[in-house]
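Working notes, structure below.
Read the numbers this way: they start at 1 and go in the same order the structure lists the ligands and their atoms. Hydrogens, waters and symmetry mates are skipped; everything else that's a heavy atom, side chains included, is used.
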Amino acid sequence: MDVAIPRDLDPQVRAETLAREKAYSQDLQRGGEWAHIWRIAGQYSNISIFDVTDNERLHEILWNLPLFPFMTMEITPLAQHPSDIAVET
Ligand SMILES: O=C(O)CC1=CCC(=O)O1
């Protein structure tokens, strides 16, 4: 996710939007669907891992991000790797 908030956005609107974004994200993290989030060093961007039931749920989560209007996203579907020791039985 790359974020580009307009520089002329009202400061109060910016602060409120960032607060809503953080709360929305942390609710999804606590619920397990937003599995990981990392800041890309030196950029106003993040790499996140989502663990969701289907593409429709992913779209719903992303579409409803408070910062969505100011974001550009690249989505890469991930599948379980056969060598992943985390899932060895
Ligand atoms: O700062 C960002 O990368 C945008 C963002 C996503 C979730 C959040 O809390 O901020």
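- Residue-environment remark: CD (Q43) exceeds the threshold of 12 foreign heavy atoms within 6.0 Å.
- There is no side-chain donor-acceptor pair under 3.5 Å between W34 and S25.
- Residue-ligand proximity: Y24 is placed with every non-hydrogen atom at 4.0 Å or more from ligand 1.
- For a threshold of 3.5 Å applied to N or O pairs, the pair formed by N46 and ligand 1 contains at least one separation below that value.
- With side-chain heavy atoms closer than 4.5 Å counting as contact, directly or through intermediates, the hydrophobic cluster containing I47 also holds W38, I40, I49, L78.
- Remark: distances from the non-hydrogen atoms of I37 to ligand 1 include one below 4.0 Å.
- For ligand 1, the atoms sitting less than 4.0 Å from at least one non-hydrogen atom of K22 are 9 (O), numbered in the order shown with element in parentheses.
- Heavy atoms of Q26 come nearer than 4.0 angstrom to ligand 1 in no pair at all.
- Counting only distance, with no hydrogens or angles, the side chain of R39 and the backbone of Y44 share no donor-acceptor pair below 3.5 Å.
- Of the heavy atoms in L18, none comes closer than 4.0 Å to ligand 1.
- For atom 8 (C) of ligand 1, the closest non-hydrogen atom on the protein side is E21 CG, 3.5 Å.
- Looking at S45 next to ligand 1, no N or O pair under 3.5 Å apart turns up.
- Remark: Q80 pairs with no residue by the side chain to side chain donor-acceptor pair (under 3.5 Å) rule, at least two apart or across chains.
- Among protein heavy atoms, the minimum distance from atom 2 (C) of ligand 1 is reached at R39 NH1, 3.4 Å.
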Which is it for E21 and T17 under the side chain to side chain donor-acceptor pair (under 3.5 Å) test, yes or no, and what are the steps along the way? CA-CA 6 Å; E21 180 84 6; T17 305; over 6 Å; no
